> 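One structure, pasted below without further comment.
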There are 2 protein chains.
Amino acid sequence: MLTLKQDHSELVVLSVLALGPSYGYAISKDIAARSDGHFKLSPSGMYPLLTKLEKNGLVTTSWEEVKAAGADPDSTGRRRKWYTLSPKGHKQLARRIELHRQTQSILDSFVAQSPVRA
Amino acid sequence: MLTLKQDHSELVVLSVLALGPSYGYAISKDIAARSDGHFKLSPSGMYPLLTKLEKNGLVTTSWEEVKAAGADPDSTGRRRKWYTLSPKGHKQLARRIELHRQTQSILDSFVAQSPVRA
DNA sequence: ATCAGATATATCGAACCTTGATATATCCGG
DNA sequence: CCGGATATATCAAGGTTCGATATATCTGAT
C-alpha cells in the first residue's frame, strides 16, 4: 500500500476531478478503489492539498448540506465540500500529465540499463 | 529541467551505481548527461543522500587521493569519495525498480482515464 | 434506544525533505 | 595568475509527511 507523495497526489486528485466534481472523502475512497487498494491519500494529506488547489485557482468549491431522510429540519446536517476542476485546473492537469510522461520515460531509461540481480 | 526528489534520486543513483562504482560529482554529471540535461541532482541533494545510503549499508565507500601530474608529493591533493553498490544495495535497487513499475502502472491508469483538454 | 463503525472535514506537531547559499580546497587551460 | 571546473560538504528557512487528535453526523445492527 503506497502513500502518495505530493506530486503524485496532485496528479491523481486532478485526474479524479477531471471525471467530474467530487469531495475529499469520496476522492480518497475513489483513489483507493481505482488503484485496487494500492494508493492511499490520508485526510492529513488530502485536505491541505485540496486547500492548496483551491488557493491556486485549480478548483472551485461549494458546500452541500447533506440532510438525513428523517432529520430535524433545523439541524445543520453533515457538511460536504464539493470540488470542481476549473479551466485552469484542466490546463494544469494536462501539463502535469505531459511532465509525468517525460519524467517516466527518462526514469525508465535509467532503470532499463540497470543490471538487476535479486 | 527537473530536480529529482528523494525517491527518484535514490532510484537513479542506485541505478547509476549498478553500472559500477562512482563518486558524487561524477554521479551528478552522469545523471545530467544520461537524462539529456533533464534531471538534476544538486550537491545539497546528493551528499546527504549518499551519506544515507552508506549509513543504511547500501553502498561501501573509499577515499581516493587524486594527485596532479606534477603536484607537490607532500600536498594532500583532491579527495574523491568512491561509492560501490553493496549486495544489499543491489537488492534494494531491485525492490525499488519493482515498486517503481507497480506505481507507474497504476498512475498510468489514472492518467489514461483523464479527458485531457489543453 | 443505543452503540459501533462509517461518513465527513480539518488541524497539530515532530520528524523529515528540499534548496539556494555558503564554505573550503584543488586542478587545468589560457 | 586567474577564472572556471572539479570535488565534498553544511546550513537555515521553508515545505512536506503522517499518525494522532478533534468534532460532528449518519447508518445499521442488536
Side-chain angles (χ1 to χ4, degrees), chain A residues 1-13 16 21-33 37 39-56 59 61-83, chain B residues 1-13 16 21-33 37 39-56 59 61-83:
Chain A
M1 217 268 295
L2 305 167
T3 303
L4 295 171
K5 300 277 161 65
Q6 185 170 265
D7 276 15
H8 286 165
S9 294
E10 194 172 320
L11 178 63
V12 166
V13 167
V16 166
S22 190
Y23 53 94
Y25 189 79
I27 296 171
S28 100
K29 292 291 155 191
D30 228 35
I31 290 173
F39 285 171
K40 174 175 182 178
L41 187 45
S42 64
S44 57
M46 174 68 78
Y47 294 108
L49 169 58
L50 288 173
T51 301
K52 198 187 98 186
L53 294 179
E54 187 182 5
K55 204 170 58 187
N56 293 345
V59 296
T61 64
S62 63
W63 285 97
E64 179 194 9
E65 304 295 326
V66 184
K67 288 231 170 107
D72 175 6
D74 292 340
S75 75
T76 29
R78 191 150 58 194
R79 298 157 79 237
R80 195 179 272 167
K81 192 173 184 181
W82 287 87
Y83 292 85
Chain B
M1 218 269 293
L2 305 168
T3 303
L4 294 172
K5 300 277 163 64
Q6 186 172 266
D7 276 15
H8 286 166
S9 294
E10 194 172 322
L11 178 63
V12 166
V13 167
V16 166
S22 191
Y23 52 94
Y25 189 80
I27 296 171
S28 102
K29 291 293 155 191
D30 227 37
I31 291 173
F39 286 171
K40 176 176 179 175
L41 187 45
S42 64
S44 56
M46 174 68 77
Y47 294 108
L49 169 59
L50 289 173
T51 301
K52 199 187 98 187
L53 294 179
E54 186 181 6
K55 204 170 59 189
N56 293 344
V59 295
T61 62
S62 63
W63 284 98
E64 179 195 9
E65 304 295 326
V66 184
K67 289 230 170 107
D72 173 8
D74 293 340
S75 75
T76 28
R78 190 148 62 193
R79 297 157 78 237
R80 194 180 271 167
K81 193 175 185 180
W82 286 87
Y83 293 83

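Nothing here was measured: the structure is a model prediction, and the numbers come from that model. Here is the naming used below: chain letters follow the sequence lines, and residue numbers restart at 1 for every chain.
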> May I have the distance from A:His8 (atom NE2) to C:dC17 (atom C1'), rounded to whole angstrom?
16 Å
> If you round to the nearest 0.5 Å, how far is CG of A:Leu53 from OG of A:Ser9?
10.0 Å
> Could you check how far CE of B:Met1 sits from P of C:dT19, rounded to whole Å?
10 Å
> So, taking the atom named CD in A:Glu65 and the one named CZ in A:Arg79, what distance separates them when rounded to the nearest 0.5 Å?
6.5 Å
> Nearest 0.5 Å, what's the CG-CD distance between A:Leu41 and A:Gln6?
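Reported to 0.5 Å precision, the distance equals 10.5 Å.
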> Of the nucleotides C:dT9, C:dC17, D:dA9, which has the atom closest to the B:Lys52 side chain?
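Of the candidates, C:dC17 comes closest.
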> Rounded to whole Å, how long is the line connecting atom CH2 of B:Trp63 with atom P of D:dT6?
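To the nearest whole Å, that distance equals 18 Å.
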> Quick check: closest heavy atoms across A:Leu49 and A:Glu10, and the distance to 0.1 Å?
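Minimum heavy-atom separation between A:Leu49 and A:Glu10: CD2-N, 4.0 Å.
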> Can you tell me the distance, in whole Å, between the CE atom of A:Met46 and the P atom of C:dT11?
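Interatomic distance, CE of A:Met46 to P of C:dT11: 14 Å.
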> Contacts to DNA chain D from residues 21-31 of chain A, heavy-atom cutoff under 4.0 Å, which residues?
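Within residues 21-31 of chain A, no residue comes under 4.0 Å of DNA chain D.
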> What integer distance in Å separates A:Lys81:NZ from D:dT25:P?
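Checked: the NZ to P distance equals 19 Å.
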> How many Å lie between CD on B:Glu64 and P on D:dT6, as a whole number?
16 Å
> Within a strict 4.5 Å, meaning less than it, do heavy atoms of the A:Ile31 and A:Val13 side chains meet?
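Side-chain contact under 4.5 Å: yes.
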> Output all residues satisfying side chain to side chain contact (heavy atoms under 4.5 Å, CB included) with A:Pro48, sequence neighbours left out; order by chain, then residue number.
none
> Please report the interatomic distance CG(A:Leu4) to CZ(A:Phe39), rounded to the nearest 0.5 Å.
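Output value for this atom pair is 5.5 Å.
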> With no angle test and no hydrogens, is the base of C:dT7 tied to the side chain of A:Arg78 by a donor-acceptor pair under 3.5 Å?
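It does, because a donor-acceptor pair links the side chain of A:Arg78 to the base of C:dT7 below 3.5 Å.
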> Could you check how far CZ of B:Arg80 sits from C1' of C:dT24, rounded to whole Å?
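For the pair B:Arg80 CZ and C:dT24 C1', the rounded distance is 18 Å.
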> I'd like a table of atom pairs between the protein and nucleotides 17-21 of chain D - only N or O on both sides, under 3.5 Å - with the distance next to each one.
from   : atom 1 : to      : atom 2 : distance (Å)
D:dT17 : OP1    : A:Gln6  : N      : 2.7
D:dT17 : OP2    : A:Gln6  : N      : 3.4
D:dG19 : N7     : A:Ser44 : OG     : 3.3
D:dG19 : O6     : A:Ser44 : OG     : 3.2

> Mind checking the CD-CZ spacing from B:Glu64 to B:Arg78? Nearest 0.5 Å is all I need.
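B:Glu64 CD to B:Arg78 CZ: 10.5 Å, rounded to 0.5 Å.
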> To the nearest Å, how far apart are B:Leu41 CG and C:dT19 C1'?
12 Å
> Rounded to the nearest 0.5 Å, how far does NZ of B:Lys5 lie from NE2 of A:His8?
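Between atom NE2 of A:His8 and atom NZ of B:Lys5 there are 9.5 Å.
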